[in-house]
Number of protein chains: 2
Amino acid sequence: MTGQGARSRSAGRPTLEEVAARAGVGRGTVSRVINGSPRVSDSTRAAVEAAVAELGYVPNTAARALAANRTDAIALVVPEPETRFFAEPYFSDMLRGVGSELADTEMQLLLIFAGSDRERQRLAQYLAAHRVEGVLLVSVHADDPLPDLLAALDIPAVISGPRSAEETLASVDSDNYGGARSAVEHLLSRGRRRIAHITGRLDVYGAQRRVDGYRDALEAAGVRELLLEQGDFTEEGGRRAMSALLSRHPDLDAVFAGSDVMAAGARQVLREAGLRIPADVALVGYDDSAIARHMEPPLTSVRQPIESMGRAMIGLLQAEIGGEWGAGGPGGGPTSGSVVAVGAGGHRHEVLRTELVVRESS
Amino acid sequence: MTGQGARSRSAGRPTLEEVAARAGVGRGTVSRVINGSPRVSDSTRAAVEAAVAELGYVPNTAARALAANRTDAIALVVPEPETRFFAEPYFSDMLRGVGSELADTEMQLLLIFAGSDRERQRLAQYLAAHRVEGVLLVSVHADDPLPDLLAALDIPAVISGPRSAEETLASVDSDNYGGARSAVEHLLSRGRRRIAHITGRLDVYGAQRRVDGYRDALEAAGVRELLLEQGDFTEEGGRRAMSALLSRHPDLDAVFAGSDVMAAGARQVLREAGLRIPADVALVGYDDSAIARHMEPPLTSVRQPIESMGRAMIGLLQAEIGGEWGAGGPGGGPTSGSVVAVGAGGHRHEVLRTELVVRESS
DNA sequence: AGGTAGCGTGGGAGCGCTCCCACTGCGATG
DNA sequence: CATCGCAGTGGGAGCGCTCCCACGCTACCT
């Protein structure tokens with residue numbers, strides 16, 4: 001890519017020292033230029049930069065990490081066996097956001113799997129060894145020990161999907177409450193009144209918030225009766241919940257499912273019961289996944305700004321870590337349309353707006 | 001997690017030297033134990049291991065990388081803007097395979113995005129700096145300069161989805177030819193004779209191979225006429241191709257689409273034309289994605305063993321890099337049911353079997 | 001008996017950086 | 001005119017490891 005220039009001896013890649021020799025300055029000065037210190041005269045800086053370009057110098061990360069005692073790396077911890085959030089399109093979209101935000105940075109992204117006990121063991125070692133500056137946590141269970149471990153080791157972390165309203169880590173979330181509420185209000189505006197909700201697993205905070213949104217929307221509209229049935233985010237769970245609802249409330253006219261996958265399960269049961277969508281029962285999902293777009297009929301669903309959430313996670317982690325973060329400026333403010341609160345321990349919590357995507361199922 | 005033990009002075013984490021002192025041996029001996037050298041007596045080894053456990057010693061990666069001139073890291077390069085392969089469920093499944101295989105290893109996984117020019121520039125620097133032992137490449141275009149760069153820098157690499165039959169990098173692929181052939185043979189066995197194929201972008205080698213499989217299956221069955229139309233892996237492309245096919249061959253009785261997404265597009269056009277699936281026209285897709293399972297009717301599709309492909313990539317990369325790779329044994333043989341060939345430059349090419357998942361669309 | 005393999009071991013050198021202290025030279029100050 | 005402050009710079013020390021040479025010792029050879 002870049003010219004190689006004359007590389008005197010030492011077959012390997014050029015070192016700081018060689019750059020210094022070439023530019024006719026000392027090691028310290030080259031280091032200052034490389035790291036953007038202001039305490040260098042313009043002429044010297046230019047000379048060093050020329051030498052860097054001529055030699056194709058690239059700093060040795062290991063040496064830098066060793067000397068400076070920092071790693072310039074952050075980890076994204078992937079709870080592998082957990083299907084729901086690792087599933088599509090959640091994961092790759094989030095990664096996209098993380099990646100794009102990281103591009104302005106010197107940080108490298110480490111992917112760490114924490115599925116098996118063995119992997120979790122390794123992860124704990126990683127963290128104990130302070131091999132990363134910070135950690136990105138995705139979809140952690142309420143009873144996971146990892147957040148506490150991070151707190152104990154004093155490692156900056158951001159969690160996507162806070163575990164509760166009192167989340168002790170910095171967090172990024174989508175507005176589950178508002179998303180649910182908008183879905184239900186949409187159904188109300190379509191004239192539906194007997195609206196059921198198939199919830200996600202209620203040990204997931206986001207699922208609780210969706211229930212809250214559902215309840216408040218109905219309450220605000222003066223609808224008294226809540227038609228609730230617990231699902232578990234799976235298709236089979238959606239089927240079971242729908243069957244239960246149908247037998248208890250055969251006159252329901254709308255279903256708001258806590259996920260598209262559960263909506264798909266519900267749809268099957270509705271079909272088998274001879275109910276038409278949306279003529280007899282309107283159906284709304286959550287996630288706006290590929291399933292929603294390709295369902296028959298296409299499913300109205302709540303879209304979460306997942307890529308933005310990935311970006312926001314980096315923003316918050318940046319704030320948690322503090323310091324320079326390479327080239328980037330002050331790290332950019334919160335994502336537009338998001339709400340930021342500061343909780344216990346001074347950690348920030350960012351909640352991003354959702355969007356209802358209306359299709360033919362409602 | 002582990003007991004902290006008495007950490008004499010030096011607030012930081014214990015070093016090799018401290019372990020050596022504690023065990024009453026020299027630095028070199030501790031290093032040998034840590035790295036599993038056989039040239040250590042059992043008693044000494046035990047003493048060192050005890051000291052390691054007591055102090056909670058974890059080697060400093062940076063120091064090790066600097067001294068040994070290796071990084072113990074591999075990179076997964078993600079061509080971000082390229083939608084097709086980053087999309088579902090491809091990416092996360094592959095990651096799962098990579099992760100599970102990597103769990104037996106000391107290697108860490110670096111995720112590098114190569115979407116923007118800026119990112120590619122950074123990637124080139126990364127590679128030039130030899131910051132990774134090897135590279136995993138996913139879905140690279142035929143004209144991408146990256147593989148040549150890797151070859152020039154002599155960096156071990158494995159590509160998923162070879163660019164041609166003469167791929168110069170080690171590669172992992174699913175059996176596109178066999179998969180297509182089984183799909184078409186399935187349609188033939190259902191009595192269909194006028195079978196069309198909506199291809200993917202033909203600059204993608206895998207898409208070409210699917211065409212080959214389609215052609216050979218028909219030829220073997222004595223069917224002369226090929227009904228081919230080029231798509232581009234998108235839903236809109238599937239629609240266009242289906243329209244074209246329908247106007248040219250209104251009597252076709254089956255469609256084999258080169259991807260589920262294109263099948264979804266084709267399905268819309270078929271529906272609009274008043275054709276029933278599968279009564280009038282049978283439909284088969286490729287990828288066995290979430291779309292296939294949730295389509296109406298559920299779509300017969302060719303499943304690729306993507307997770308296994310991820311695993312296989314690590315296996316091949318291991319072979320390319322050579323050396324120890326941490327704890328793992330000889331790196332495991334090829335995945336069961338796969339075919340391994342050795343091509344130019346001694347690089348291995350592994351092709352994994354596909355599986356036809358029959359559903360109601362055919 | 002002396003010679004000589006090796007094994008198991010200790011520790012010096014050095015990987016390429018950053019940090020920081022010391023030094024120079026200059027203009028501002030008393 | 002001596003003194004100070006400070007921007008700009010050079011280079012020593014050291015980060016925690018691996019590599020490798022040298023050393024003592026035991027067992028076996030001649």
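Within every chain, numbering begins at 1; the chains are lettered A, B, ... in the order of the sequence lines, protein sequences first and strands thereafter.
In this structure, A/Arg64 reaches the sugar-phosphate backbone alone: every heavy-atom distance under 4.0 Å involves primed, P, OP1 or OP2 atoms, never a base. Nucleic acid contact class of B/Asn69 (heavy atoms, under 4.0 Å, all strands): none.
Using modelled atom types and a 3.5 Å distance limit, the side chains of A/Tyr57 and A/Glu18 yield no donor-acceptor pair. Between A/His349 and A/Glu167, the side chains place no donor N or O within less than 3.5 Å of an acceptor N or O (distance only, hydrogens not considered).
Of the two residues near DNA chain D, A/Gly28 and B/Arg32, the one whose nearest nucleotide lies more 5' is A/Gly28. Of the two residues contacting DNA chain C, namely B/Gly24 and B/Ala63, the nearest-nucleotide position lying further toward the 5' end is that of B/Gly24. Place B/Val25 and A/Thr15 on DNA chain C by their nearest nucleotides, and B/Val25 ends up nearer the 5' end.
Computed from coordinates, the A/Leu16 CG to D/dG10 C1' distance equals 13 Å when rounded to whole Å. Atom-to-atom, CZ of B/Arg39 to P of D/dC25 comes out at 20 Å; the value is rounded to the nearest Å.
Under the 4.5 Å side-chain criterion, counting only non-hydrogen atoms from C-beta, A/Leu123 is in contact with A/Leu146. Residues B/Val98 and B/Arg311 have side chains not in contact (no heavy-atom distance under 4.5 Å, counting atoms from C-beta outward).
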Please walk me through it: do B/Arg22 and B/Glu54 pass salt bridge (charged side-chain N to carboxylate O under 4.0 Å, His left out)? CA-CA 9 Å; B/Arg22 172 117 192 170; B/Glu54 283 166 29; 2.4 Å; yes
For the pair B/Asp117 and B/Arg122, evaluate salt bridge (charged side-chain N to carboxylate O under 4.0 Å, His left out) and give the outcome as yes or no after the intermediate values. CA-CA 9 Å; B/Asp117 282 346; B/Arg122 273 235 292 162; over 6 Å; no
Using salt bridge (charged side-chain N to carboxylate O under 4.0 Å, His left out), reason through A/Asp143 and A/Arg163 one step at a time and then give a plain yes or no. CA-CA 9 Å; A/Asp143 57 356; A/Arg163 294 163 296 162; over 6 Å; no
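Each end of the helix from C/dA1-D/dT30 to C/dG30-D/dC1 gets its own axis from five base pairs, and the two axes differ in direction by 60°, given to 10 degrees.
Of the listed residues (A/Leu16, A/Asp72, A/Thr71), just one forms a side-chain contact (heavy atoms from CB on, under 4.5 Å) with A/Arg64, and that residue is A/Asp72.
On the nucleic acid side, DNA chain C has its first and last nucleotide under 4.0 Å of a heavy atom of chain B at C/dC7 to C/dG16, going 5' to 3'.
A sub-4.0 Å separation between OP1 or OP2 of D/dG8 and a side-chain N or O of A/Ser41 is absent.
A donor-acceptor distance shorter than 3.5 angstrom exists from the side chain of A/Arg120 to the backbone of A/Ala114, with no hydrogens or angles considered.
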